[in-house]
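Have a look at the structure below, then the notes.
Treat the numbers as computed from the prediction; the structure is a model and nothing was measured.
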Amino acid sequence: MNVARNLVVLTGLLLALQVVPLFADERIHWHSNVGQAWQRVRELDQPLLLFITTPNCGYCKLMKQQTFRDKQIVANVNKSFVPAKINGPDFRKLTQYLKIRIYPSTIIIGPDRRIVEQIPGYIAAEKMRTRLALARIKSKANSQYQVSRGKPPGD
């Protein structure tokens, strides 16, 4: 009887260990420290995906709950970008430099510090998938302007 119970417990544990990885990457692994995120950009040679929000923004919450929970977007962002999420009012100099006037805003900055994509406002998952694919292609191409070479974005 004891052996059968132990076998059931062991089987349950093995199943739990196999299920955990299935759920491990269902969310984007956001950085909250832009400096640390920028260090990862340099290490991985991947673009920075900077999501700029404000605390009481309804469209910001909608993007967090819908767009950035889309399985394809989560997989794409976790694999091909270094994601950082910041509160815009805490980074006034950066938001002024980037001319952020609408929240949320999503900015993609290539490893060469060039702004690849600037997405003002809410964007649905379907459109975001397309914009992310284009941003990956353009991440090494010339863009309008660069983030200051002296400091990582947000400092």
Side-chain angles (χ1 to χ4, degrees), residues 15-149 151-155:
L15 285 172
L17 289 173
Q18 290 177 346
V19 171
V20 169
L22 294 175
F23 297 105
D25 285 324
E26 284 193 4
R27 293 185 184 226
I28 293 173
H29 307 295
W30 296 105
H31 289 268
S32 58
N33 182 303
V34 179
Q36 288 175 352
W38 191 251
Q39 181 64 35
R40 292 295 293 162
V41 165
R42 291 176 28 198
E43 290 169 5
L44 300 173
D45 195 35
Q46 292 179 331
L48 174 72
L49 183 141
L50 183 61
F51 183 57
I52 306 169
T53 70
T54 59
N56 297 317
C57 167
Y59 285 110
C60 300
K61 291 175 185 172
L62 197 59
M63 275 190 72
K64 291 175 196 174
Q65 293 168 353
Q66 294 179 0
T67 305
F68 288 124
R69 292 261 175 102
D70 178 88
K71 289 180 182 183
Q72 289 178 343
I73 291 173
V74 170
N76 188 359
V77 169
N78 285 337
K79 179 182 175 190
S80 302
F81 295 87
V82 176
K85 180 172 44 175
I86 63 169
N87 180 20
D90 293 342
F91 292 86
R92 290 206 190 280
K93 286 184 183 178
L94 178 62
T95 57
Q96 286 173 353
Y97 177 78
L98 295 172
K99 299 177 183 163
I100 303 298
R101 291 184 177 40
I102 297 172
Y103 292 98
S105 282
T106 307
I107 314 294
I108 300 172
I109 303 171
D112 60 354
R113 295 184 180 267
R114 295 198 181 273
I115 295 177
V116 177
E117 193 77 32
Q118 196 156 3
I119 306 166
Y122 172 84
I123 184 169
E126 181 180 305
K127 290 183 180 182
M128 179 62 91
R129 282 187 229 117
T130 302
R131 300 288 288 268
L132 291 175
L134 291 172
R136 281 190 0 200
I137 293 167
K138 297 187 312 186
S139 71
K140 300 283 183 182
N142 291 338
S143 290
Q144 297 176 264
Y145 52 98
Q146 287 183 293
V147 175
S148 168
R149 289 215 177 267
K151 297 181 180 179
D155 278 358

| note | Separation between CG (Asp112) and CZ (Arg42), nearest 0.5 Å, reads 13.0 Å

| Parallel, tilted or perpendicular: which fits the ring planes of Tyr59 and Tyr122, with parallel below 30° and perpendicular above 60°? | tilted

| field | Distance in Å, Ile52 CD1 paired with Ile100 CD1, rounded so as to fall on 0.5 Å steps | value | 4.0 Å

| query | Just wondering, do Arg136 and Phe81 contact through their side chains at under 4.5 Å, heavy atoms? | reply | yes

| What's the shortest heavy-atom distance between Pro55 and Asn87, and which atoms? | CD-OD1, 3.2 Å

| query | Hey, does the side chain of Gln72 reach the backbone of Ala125 with a donor-acceptor pair shorter than 3.5 angstrom? | reply | no

| request: Sequence neighbours left out, what pairs pass salt bridge (charged side-chain N to carboxylate O under 4.0 Å, His left out) with at least one residue falling in residues 125-134? | output: Asp70-Arg129, Glu117-Arg131

| task | Locate the shortest heavy-atom distance separating Leu48 from Val82; write the atom from each residue and the value. | result | CD1-O, 3.2 Å

| field | Side-chain heavy-atom pair Lys85, Lys64 within 4.5 angstrom cut-off | value | yes

| task | Find the distance between CD (Gln65) and OG1 (Thr67) and round it off to the nearest 0.5 Å. | result | 10.0 Å

| Sidechain-backbone polar pair: Thr95 side chain, Arg92 backbone, donor-acceptor under 3.5 Å | yes

| request: Taking all heavy atoms of Thr54 and all of Pro89, pick out the closest pair and write down the distance. | output: CG2-CD, 3.7 Å

| task | Heavy atoms only: give me the nearest Ser139-Pro111 pair and the separation to one decimal. | result | O-CD, 4.1 Å

| request: Could you check if a side-chain atom of Trp30 sits within less than 4.5 angstrom of a side-chain atom of Leu49, using non-hydrogen atoms only? | output: yes

| message | Quick check for you: to the nearest 0.5 Å, what is the distance between Ile86 atom CD1 and Asn33 atom CG? | response | 11.0 Å

| request: Check Asn78 against Arg27 and note the closest heavy-atom contact, atom names and distance. | output: ND2-O, 3.0 Å

| task | Considering non-hydrogen atoms only, spot the tightest contact between Gln46 and Lys79 and give its length. | result | NE2-O, 2.8 Å

| field | Side chain to side chain, Met63 and Ile123, heavy atoms closer than 4.5 Å | value | yes

Got a list of side-chain donor-acceptor pairs under 3.5 Å for residues 102-109, not counting sequence neighbours?
{"residue": "Ser105", "atom": "OG", "partner": "Ile102", "partner atom": "O", "Å": "2.6"}

